[in-house]
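Down below is the structure, laid out as structure tokens.
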Amino acid sequence: MSSIKFGNARQSISSIPVKELAEQFGTPLYVYDLSVIEKRIGELSKFDVVRYAQKACGNIAILDRMRRHGVVVDAVSAGEIHRALAASYCAEASKAEIVYTADLFDRAALEMVVEHGMLVNCGSPDMISQLGELRPGAEVTLRINPGFGHGHSQKTNTGGEQSKHGIWHTQIDDCLLRADQTGVTVTGLHMHIGSGTDLEHLSEVCDAMEKAAISVGRTIHTISAGGGLPVPYKDDETYVDLDKYFELWDATRNRLSERFGHRVSLEIEPGRFLAAESGYLIAEVRSVKKMGDNLFALVDAGFTDLARPVMYGSYHPISVAAKSGDAADREQVEVVVGGPLCESGDIFTQREGGYVDSRRLPAPRVGDYIVLENAGAYGFVMASNYNSKTRAAEVLIENGEAKLIRQREQFEDLTRGEIIPA
Ligand code: LLP
């Protein structure tokens, strides 16, 4: 893996010049370096099952490569089940390659789950009854809200009373009664307290899991630690100590295995950790202008391509790839980076609350490329067609070769399905 970068100047991604990628595939462009994903998968090998939260980056080429590396998936919607099937994951419940995990069944999802006999992780008591009616005797896992949560933003905290996620921890007995009514068995438990949290908060889940599993009893064969593993977006941020994290969960699992008299399998369900650092969003600088004291670089990607800054005030590392020469030779200046949308919030360098920030970058010129980094998770998947912008193309770099994995949307795609009544 080689991504030549000096300070905030970048020439290539995984040895392929940014300029070459932009000229071949156009901009805005999402590029994923598969070697980064492979490295991250390897780092989780101690867990029995690595279940990729495909919501982070669901292109079927990415899912296919995950599958080839033994990584299974979750699906939070009928559409995500469709994606998993398109990437040749097997739907059979006994294999548990796809788990439908949500807080409700919409009608399409319930139909699909029943049709394929898939495993379900129920995040609401009603799901147990709705599934049980159509598939009496099914095995399910339960997503438990342990009563606390934590995330990188209040919007990514999925535990506690203010969260809509999971089954409240004191309602497990009620759920077991419901399950009994249709012969449903609870074979596993799952907890996910939030996205982008830290070791301290993640570790608190182990105790809550142990208590919950004991209250269900010997039918439990699987526990899932959920996702939430952070990745560093800023220089002063770090990863979670994975050895320590595994040790805590392994100890919990071992105590439960001993108590139940059978081996309990340990799952982890990351999205961001597997995908974030593999992804780059390349945009072309189309205008450089001064507004009072601020220097703006306006690029051809907006929050329709990467919504995290406008949604959470998220920070993404930014680098400049010069159209000609080397951006590392340029003077460093403070730049506000914005997009093309008719909306003041269309700024990549902003803090939570919408405050406009600037970034120290090599002085950008029209025709240069701005690279938004760590954009592989919750990047393309959160793209929209606002302002009738077509969604970007996606490219996968594999063995030094850049392969198109999604065509850029065309104008016809924008109006597909729309009808002018007579
Ligand atoms: N499992 C469940 C049940 C989840 O709800 C999520 C994320 C994950 C796993 C994966 O979490 P991760 O490992 O990626 O942190 N759009 C937000 C993140 C929303 C996460 C939603 N659920 C962002 O851009 O930060």
Side-chain angles (χ1 to χ4, degrees), residues 37 40-41 43-44 47 49-58 62 66 71-77 80 98-104 119-124 127 141-146 149-160 163-167 188-199 201-202 205 209 222-234 237 239-240 242 245 267-279 281 303 305-316 348 350 352 372-384:
I37 296 176
R40 295 287 168 262
I41 294 172
E43 287 168 3
L44 298 177
F47 290 85
V49 175
V50 179
R51 187 173 299 285
Y52 175 49
Q54 63 164 299
K55 64 175 83 67
C57 184
I62 303 277
M66 293 278 181
V71 172
V72 294
V73 282
D74 78 357
V76 299
S77 65
E80 285 196 354
I98 311 173
V99 169
Y100 176 74
T101 180
D103 299 298
L104 60 94
L119 190 60
V120 175
N121 183 34
C122 302
S124 298
M127 290 178 72
T141 62
L142 302 184
R143 175 178 180 173
I144 306 297
N145 179 334
H150 187 251
H152 69 75
S153 146
Q154 194 42 37
K155 291 180 191 152
T156 66
N157 176 348
T158 61
S163 166
K164 64 175 180 161
H165 295 293
I167 290 169
L189 291 183
H190 168 281
M191 285 185 189
H192 171 84
I193 57 158
S195 196
T197 179
D198 51 39
L199 186 60
H201 288 92
L202 286 168
V205 182
M209 175 64 87
T222 312
I223 53 172
S224 170
L229 293 178
V231 301
Y233 287 93
K234 290 184 179 161
E237 293 173 346
Y239 299 99
V240 154
L242 278 177
Y245 185 56
E267 286 199 16
I268 188 163
E269 193 177 68
R272 187 187 316 274
F273 182 76
L274 293 178
E277 293 156 290
S278 76
L281 173 60
F303 70 62
D305 299 289
L306 179 64
R308 301 191 71 252
V310 71
M311 240 179 125
Y312 318 108
S314 299
Y315 179 101
H316 284 264
F348 289 118
Q350 65 177 288
E352 194 154 15
L372 291 141
E373 307 183 0
N374 285 10
Y378 308 108
F380 183 90
V381 287
M382 288 171 69
S384 74

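Just so you know, ligand 1 is whichever comes first in the structure, and atom 1 is the first atom listed for that ligand. Just the heavy atoms: all of them, side chains too, but no hydrogens, waters or symmetry mates, feed the values below. Keep in mind it's a predicted model, so treat the numbers as computed, not measured.
- The atoms of ligand 1 that sit less than 4.0 Å from any heavy atom of Ala53 are 8 (C), 9 (C), 10 (C).
- Between Gly58 and Val381 the shortest heavy-atom distance is N-CG1, 3.5 Å.
- Below 4.0 Å from some heavy atom of Gly271 lie the following atoms of ligand 1, by number and element: 10 (C), 12 (P), 13 (O), 14 (O).
- Of the candidates His190, Arg143, Met191, His192, it is His192 that places a heavy atom closest to atom 8 (C) of ligand 1.
- Using a 4.0 angstrom heavy-atom cutoff, Met382 counts as in contact with ligand 1.
- Using a 4.0 Å cut-off between heavy atoms, Arg272 contacts ligand 1 through both its backbone and its side chain.
- Distances from ligand 1 to the non-hydrogen atoms of Pro270 include at least one value under 4.0 Å.
- With Gln54, Glu269, Arg51, Lys55 as candidates, the residue nearest to atom 4 (C) of ligand 1 on a non-hydrogen basis is Lys55.
- Between His316 and Phe348 the shortest side-chain heavy-atom distance does not fall below 4.5 Å.
- At the top of the distance list for atom 17 (C) of ligand 1, counting protein heavy atoms only, stands Tyr312 OH, 3.1 Å.
- A distance of 4.5 Å separates OG of Ser195 from OH of Tyr378, quoted to the nearest 0.5 Å.
- Ligand 1 is approached by His152 to a heavy-atom distance shorter than 4.0 Å.
- If you check which protein heavy atom lies closest to atom 24 (O) of ligand 1, you get Arg308 NE, 2.6 Å.
- For atom 20 (C) of ligand 1, the closest non-hydrogen atom of the protein is Tyr378 OH, 3.5 Å.
- Using 4.0 Å as the threshold, Ala377 has no heavy atom nearer than that to any atom of ligand 1.
- The backbone and the side chain of Ser195 each have at least one atom closer than 4.0 Å to an atom of ligand 1 (non-hydrogen atoms only).
- For ligand 1, the polar-atom distance check finds an N/O of Gly228 within less than 3.5 Å of one of the ligand's N/O atoms.
- Heavy atoms only, all atoms of each residue included: Arg272 and Ala56 are closest at N-CB, 4.1 Å.
- In this structure, the side chain of Asp305 does not engage the main chain of Ala307 through any donor-acceptor pair within 3.5 Å.
- Under the 6.0 Å distance and 45° angle rule, Arg40 counts as a cation-pi partner of Phe273.
- Shown are Arg51, Glu269, Glu267; of these, the side-chain hydrogen bond (donor to acceptor under 3.5 Å, both in side chains) with His190 is made only by Glu269.
- His150 and His201 have parallel rings, their planes meeting at less than 30° on a 0 to 90° scale where 60° marks the start of perpendicular.
- Contact between Met191 and Pro146 at its shortest, heavy atoms only, is SD-CB, 4.0 Å.
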